[in-house]
Amino acid sequence: MKARLFFLMVICMVSVRAFAADGRKPAGEEKRLSAGTVTVYDFGKVRLHAYNTGDAMADAAFLVEGKKAVVGIELPSFDVNLAEWKAYADSLGKPMNDVIISDHAAGGAYVRDVRVWGTDGARKSVESGAANGITAQLFQVYGPEFRGEELARIANILHGGKNKVAGIDFVVFDRGSSFDVAIPAANAIYTHMLGKYVHSIIGSRADASSLLETLRSYQNGGYRFILSSHAGVEGQDAVSEKIAYVEKLMELAGATESRAEFVQAAEAAFPGYEGKNYLEMTAAAFFPE
């Protein structure tokens, strides 16, 4: 269990690119705040506010603004960003009485007065599972400015399929201890991590096949926006890149005989990718000692 918690904790500790490097990112209006940056995308029925915190973990959080209310997706983790995020939400002039949380529950003190939503699996993860353990370890690493001493409590359960929160339609894809959530009015889907030019952590060869299925579901869904807590807003080009990446890793896993050989081959195949420690974790999973 400790190894799994450390394995997952490092997910949260590596900075990744916020957008694709080739310029094919979705266009939006950028607003510079004191600590972070918000990019606003207007879809008519809803507006999406992507808040890139600029914190030590390169986190992102999101606000979905409907006609009468605002719904948050994930929380920032540090005091300065939590305060800025909440102040920005207030500046929209509509109540934010609901927040959806899958993986980032630190900062519960800032959302005591709102309804917190998540799947039952995410609730268990936050209360006593992987998300709880990861947050506790990050709190030890970063100290009190990282608001891991009080986790948001998921008291409102989202179910797989269509859900309506604050009058806004969401579609939930239950992944067990976490979930993806689509925003049909924005043609977007939120997932914890993507990262076009970032190595991925893959827990087993079976997990690689499952990840490919999930990525292809993003293609089949035709989502223009892929949102994640560690890469901000990306597009379908990032999905295509990640599919090719996972397929190549599976090929290399069958053609190499050790962790070191696998890592060397993957680095040669994907020069310039960030997150080498992610790759090393995948190598450890593919070639257990």
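Since the structure is predicted, the reported quantities are computational estimates derived from the model, not experimental observations.
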For [Y], is there an ion pair with [X] - N to carboxylate O distance below 4.0 angstrom?
X	Y	answer
Lys248	Glu251	yes
Lys86	Asp90	no
Asp169	Lys162	no
Arg259	Glu289	yes

Considering all heavy atoms, the nearest [X]-[Y] contact:
X	Y	answer
Gly195	Lys242	O-NZ, 3.0 Å
Phe286	Ala253	CD2-CB, 3.6 Å
Ala122	Ser102	CB-O, 3.9 Å
Arg175	Asp180	NH2-OD2, 3.0 Å
Pro144	Phe139	CA-CE1, 3.8 Å
Asn81	Pro76	CB-CB, 3.7 Å

Students often mix this up, so state it plainly: with edges at 30° and 60°, are the rings of [X] and [Y] parallel, tilted or perpendicular?
X	Y	value
Tyr273	Phe270	tilted
Tyr245	His199	tilted
Tyr218	Tyr223	perpendicular

Atom [atom1] of [X] and atom [atom2] of [Y]: how far apart are they, to the nearest 0.5 Å?
X	Y	atom1	atom2	answer
Arg224	Tyr41	CZ	OH	9.0 Å
His192	Phe179	NE2	CZ	11.5 Å
Asp59	Ser229	CG	OG	6.5 Å

Determine whether Phe43 and Ile183 satisfy the following criterion, side-chain contact (heavy atoms from CB on, under 4.5 Å), listing intermediate values before the conclusion. CA-CA 11 Å; Phe43 301 97; Ile183 311 160; over 6 Å; no

Determine yes or no for a side-chain-to-main-chain donor-acceptor pair under 3.5 angstrom, with [X] supplying the side chain and [Y] the backbone.
X	Y	answer
Glu261	Glu257	yes
Thr53	Asp55	yes
Asn163	Gly161	yes

For atom [atom1] of [X], decide whether the heavy atoms of other residues, nucleotides or ligands shown that lie under 6.0 angstrom number more than 12.
X	atom1	value
Gln264	CD	no
Lys31	NZ	yes
Gln219	CD	yes

Compute the centroid of each ring, for Phe62 and then for His49, and state whether the two points are separated by less than 6.0 Å. no

All ring pair (Phe, Tyr, Trp, His ring centres under 6.0 Å) counterparts of Phe78, not counting sequence neighbours: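 Result, ring pair (Phe, Tyr, Trp, His ring centres under 6.0 Å) vs Phe78: Tyr142, Phe146.
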
